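Just so you know, these numbers come straight off a predicted model, no measurement behind them.
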Amino acid sequence: MRQDHLISAHQLTREDVEAVLDRASEIAADPAAFRTRRAGEVLALCFFEPSTRTKMSFDTAMKRLGGDTVDMGTVESSSITKGETLADTVRVIEGYADAIVLRHPSEGAAKMAAEFVDVPLVNAGDGAGQHPTQTLLDLFTIRENHGLDDITIGVMGDLKYGRTVHSLAHALTNFDARQHFVSPESLRLPRSVRYDLHEAGAQVREHTDLEEILPELDVLYVTRIQRERFPDENEYRAVAGQYRIDAETLEAASDELTVMHPLPRVDEIAPEVDETAHARYFEQAHNGIPVRMALLDTLL
Ligand code: NCD
């Protein structure tokens, strides 16, 4: 990787992605071979926003490499409640760890924090900005199921606030991927992301109806409406529940369609879909382990 920190999917070239995913495949095939790779090294977990998968999988990934973790704990239990700045917090923590994983509600927080530390800092989600490690495990899952070239992917739901979408869409510009974005008008991809995809030469179309493109898709990536990012609860209510799939929706899909979701889901995928051959979202979440092991091993 060109830089020590992983802040945005914009840093990831095709070669970087392939290198991490290849290593993740090696790890998945023989995890025992990596059991002591990072013995004696420590990863700091700094989560200023709720997390289950990202935090636990980084924690497990580091331990499965033979390393250890220290956890800042919740914001409420830390010195942040005393008014400490993010810059000071990460400067202190870099003295305790060999790398830092940071999640924060403000867009740009990881980029800013990285300027204050010398150890590798990984962005585990910055507000509605980026979530590049989710993207790596998403790409791993897509690669396992379809390969990463000559694919048609539909991304549906909250494209405005969904950081996993912003990172994935950019990373896919490294590959021969046709991207269809499905959302209500009010949750379209932000202008800056559309511009960026255009500049990167991405093959992009936008839709308000899934039916228009569902039969063409190899992958359908469903996302949660990011309730916590809506300035106004009424705006949330107006769109909640609109973009939901169930077994009946999927009757129009190809048999090969892979349904993905970064999780947590609320009600955008009916539980009955879990029983179909399309569902890959739990497998996707589990892929977070080898992929984050591979990433940590690369950065450290
Ligand atoms: C996502 C996130 O935090 O952005 N969760 C995750 O890391 N898998 C998606 C979401 O919260 O909807």
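Looking at every heavy atom in both residues, Ile93 comes nearest to Cys46 through CD1-SG, 3.5 Å. The shortest non-hydrogen separation linking Ser167 to Ala9 is O-CB, 3.3 Å. Counting all heavy atoms, side chain and backbone alike, Ala270 lies closest to Arg265 at O-NH1, 3.9 Å. Counting all heavy atoms, side chain and backbone alike, Thr89 lies closest to Met72 at CG2-SD, 4.3 Å. Across all their heavy atoms, Ile153 and Leu217 have their closest contact at C-CD2, 3.8 Å. Considering every non-hydrogen atom in both His261 and Glu268, the closest pair reads NE2-OE2, 2.7 Å.
Open room surrounds CD on Glu248; 12 or fewer heavy atoms of other groups in view lie less than 6.0 Å from it. Within a 6.0 Å radius of CG in Asp255, other residues, nucleotides and ligands contribute 12 heavy atoms or fewer. In this structure, Tyr96 places its OH atom where only 12 or fewer heavy-atom neighbours from other residues, nucleotides or ligands lie under 6.0 Å away. In the displayed structure, Arg35 atom CZ is contacted under 6.0 Å by at most 12 heavy atoms of other residues, nucleotides or ligands. By the 6.0 Å contact criterion, CD on Glu256 is open, its count of non-hydrogen atoms from other residues, nucleotides or ligands being 12 or less. Residue Asp209 qualifies as enclosed at atom CG: its count of foreign heavy atoms under 6.0 Å is above 12.
Counting heavy atoms from C-beta outward, Arg163 and Gln134 have side chains that stay 4.5 Å or more apart. Between Ile225 and Gln242, every side-chain heavy-atom pair lies at or beyond the 4.5 Å cut-off. Using a 4.5 Å heavy-atom threshold, the side chains of Asp68 and Met62 count as separate. By the 4.5 Å heavy-atom criterion applied to side chains, Ser183 and Lys160 are not counted as neighbours. The shortest side-chain heavy-atom distance between His180 and Glu212 does not fall under the 4.5 Å cut-off. Asp158 is not listed as a side-chain neighbour of Tyr243, based on a closest heavy-atom distance of 4.5 Å or more. Contact annotation: the side chain of Phe34 never approaches that of Arg64 to less than 4.5 Å [non-hydrogen atoms, C-beta and beyond]. Using a 4.5 Å heavy-atom cutoff, the side chains of Val122 and Leu43 are not in contact.
The distance from the CG atom of Leu172 to the CD atom of Gln203 is 10.5 Å, given to the nearest 0.5 Å. The line from CD of Glu283 to CE of Met260 is 8.5 Å long, rounded to the nearest 0.5 Å. To the nearest 0.5 angstrom, Leu220 atom CG is 12.5 Å from Thr152 atom OG1. Rounded to the nearest 0.5 Å, atoms CD (Glu185) and OG1 (Thr208) are 8.0 Å apart. Atom CD1 of residue Ile142 and atom CG of residue Leu148 lie 6.5 Å apart, to the nearest 0.5 angstrom. A distance of 3.5 Å separates CG of Asp196 from NE2 of His10, quoted to the nearest 0.5 Å.
No side-chain donor-acceptor contact under 3.5 Å links His166 to the backbone of Gln130. Distance alone, capped at 3.5 Å, is enough to place a donor-acceptor pair between the Asp98 side chain and the Val42 backbone. Looking at His104, its side chain never comes within 3.5 Å of a backbone N or O of Phe48 through a donor-acceptor pair. Looking at Arg194, its side chain does come within 3.5 Å of a backbone N or O of Leu189 through a donor-acceptor pair. Side-chain atoms of Thr74 come within 3.5 Å of backbone N or O of Ser77 as a donor-acceptor pair. Formation of a donor-acceptor pair under 3.5 Å by the Arg91 side chain with backbone atoms of Phe116 is not found in this model. With Asn287 contributing its side chain and Leu137 its backbone, the two residues share no donor-acceptor pair below 3.5 Å. Side-chain atoms of Gln11 come within 3.5 Å of backbone atoms of Ile7 as a donor-acceptor pair (strictly under, hydrogens ignored). A donor-acceptor distance shorter than 3.5 angstrom exists from the side chain of Arg280 to the backbone of Ala277, with no hydrogens or angles considered. With hydrogens and angles disregarded, a donor-acceptor distance shorter than 3.5 Å links the side chain of Thr223 to the backbone of Met156.
Using a 3.5 Å distance cut-off with no hydrogens or angles, the side chains of Thr13 and Asp16 do pair a donor with an acceptor. Using a 3.5 Å distance cut-off with no hydrogens or angles, the side chains of Arg103 and His131 do pair a donor with an acceptor. Defined by atom type and a distance below 3.5 Å, a donor-acceptor pair is present between the side-chain atoms of Asp274 and Tyr281.
Tracing side-chain contacts under 4.5 Å through hydrophobic residues (I, L, V, M, F, W, Y), one reaches Leu12 starting from Leu296; they form part of the same cluster. Hydrophobic clustering (side-chain heavy atoms under 4.5 Å, transitive across Ile, Leu, Val, Met, Phe, Trp, Tyr) groups Ile245 together with Phe282. Under a hydrophobic-cluster definition in which Ile, Leu, Val, Met, Phe, Trp and Tyr are linked whenever side-chain heavy atoms come within less than 4.5 Å, directly or via other members, Met112 and Ile80 are assigned to the same cluster. Under the 4.5 Å side-chain heavy-atom criterion for grouping Ile, Leu, Val, Met, Phe, Trp and Tyr, Ile213 is not connected to Ile151 through any hydrophobic cluster. Leu159 is not connected to Tyr236 by any chain of hydrophobic side-chain contacts under 4.5 Å among Ile, Leu, Val, Met, Phe, Trp and Tyr, and they are in different clusters.
A salt bridge does not link Asp126 with Lys111: every distance from a Lys NZ or Arg NE/NH1/NH2 to an Asp or Glu carboxylate oxygen is 4.0 Å or more.
Looking at Thr164, Val259, Val182 one by one, the single match for side-chain contact (heavy atoms from CB on, under 4.5 Å) with Tyr221 turns out to be Thr164.
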- request: Could you walk me through whether Met293 and Ile289 pass side-chain contact (heavy atoms from CB on, under 4.5 Å), step by step?
  value: CA-CA 6 Å; Met293 286 173 74; Ile289 302 297; 3.8 Å; yes

field: Glu272/Asp246 under side-chain contact (heavy atoms from CB on, under 4.5 Å): CA gap, chis, key distance, verdict
entry: CA-CA 7 Å; Glu272 68 204 27; Asp246 55 22; 3.2 Å; yes

field: Val219/Asn145 under side-chain contact (heavy atoms from CB on, under 4.5 Å): CA gap, chis, key distance, verdict
entry: CA-CA 9 Å; Val219 175; Asn145 286 284; over 6 Å; no

- request: Quick one: do Glu18 and Phe175 satisfy side-chain contact (heavy atoms from CB on, under 4.5 Å)? Show the steps, please.
  value: CA-CA 11 Å; Glu18 285 172 345; Phe175 302 93; 4.0 Å; yes

- request: Might you work through the salt bridge (charged side-chain N to carboxylate O under 4.0 Å, His left out) test for Glu49 and Arg229, ending with a clear yes or no?
  value: CA-CA 12 Å; Glu49 254 194 357; Arg229 312 222 187 274; 2.9 Å; yes

task: Given salt bridge (charged side-chain N to carboxylate O under 4.0 Å, His left out), test Asp22 with Arg143 step by step and report yes or no.
output: CA-CA 10 Å; Asp22 288 348; Arg143 186 169 90 161; 2.9 Å; yes

